[in-house]
Amino acid sequence: SNTQRRLHFQHTLQHFINLDTPLHDLASKEKVNVNNFVHSENINICDEEYRFIRNTLVWQGKHASEWIRSKFMKSEDVVVSDVGYMNEILEGWGVDPCNEKSSG
């Protein structure tokens, strides 16, 4: 579950950076400077007019995730708390979220 993953990550990070005090779930803390103000600069990336840039971003995400998995994560200097979950997240980098919305 996500809760178990979060707790595992917090515990691993706590030990990695040598903290005596456990880390807290930041998602449960009150958010500041968060509101529903709509900026005129906001776009809906799923709109047809942004298809080209979205395809470019998905292509770059796919190639970046492949490099991260095949090179970066294999380095002995890199520590990944949950390799399976990290791979699961990285696989999503090559998927157009707008296609998932329309098929879901």
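Hydrogens, waters and symmetry mates play no part in the numbers below; they use all other heavy atoms, side chains included.
The environment of NE2 in H11 is sparse: at most 12 heavy-atom neighbours from other residues, nucleotides or ligands sit within 6.0 Å. Within 6.0 Å of atom CZ in R5, more than 12 heavy atoms from other residues, nucleotides or ligands are found, so the atom counts as buried in its surroundings. In F72, the CZ atom is not crowded: 12 or fewer heavy atoms of neighbouring residues, nucleotides or ligands sit closer than 6.0 Å.
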Checklist entry - Under the side chain to side chain contact (heavy atoms under 4.5 Å, CB included) criterion, do D20 and Q14 qualify, and how do the steps go? => result CA-CA 8 Å; D20 294 327; Q14 174 190 343; 5.9 Å; no
Evaluation steps, side chain to side chain contact (heavy atoms under 4.5 Å, CB included), between T12 and H8: CA-CA 6 Å; T12 304; H8 177 69; 3.7 Å; yes
Starting from the C-alpha separation in whole Å, work towards a yes-or-no answer on side chain to side chain contact (heavy atoms under 4.5 Å, CB included) for V58 and N55.
CA-CA 5 Å; V58 170; N55 288 341; 5.6 Å; no
_side chain to side chain contact (heavy atoms under 4.5 Å, CB included) for S81 and L13? Distances and angles first, verdict last._
CA-CA 8 Å; S81 176; L13 182 58; over 6 Å; no
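Considering all non-hydrogen atoms of both residues, Q10 and L23 come closest at NE2-O, 3.1 Å.
Aromatic pair H63/W59: centroids less than 6.0 angstrom apart.
Using a 4.5 Å cut-off between side-chain heavy atoms of Ile, Leu, Val, Met, Phe, Trp and Tyr, with links allowed through other members, L7 and F9 fall into different hydrophobic clusters.
Within the 4.5 Å cutoff, side-chain heavy atoms of M73 are placed close to those of N87. Under the 4.5 Å side-chain criterion, counting only non-hydrogen atoms from C-beta, V79 is in contact with F16.
Judged by distance alone, the side chain of D47 and the main-chain N or O of Y50 form no donor-acceptor pair under 3.5 Å.
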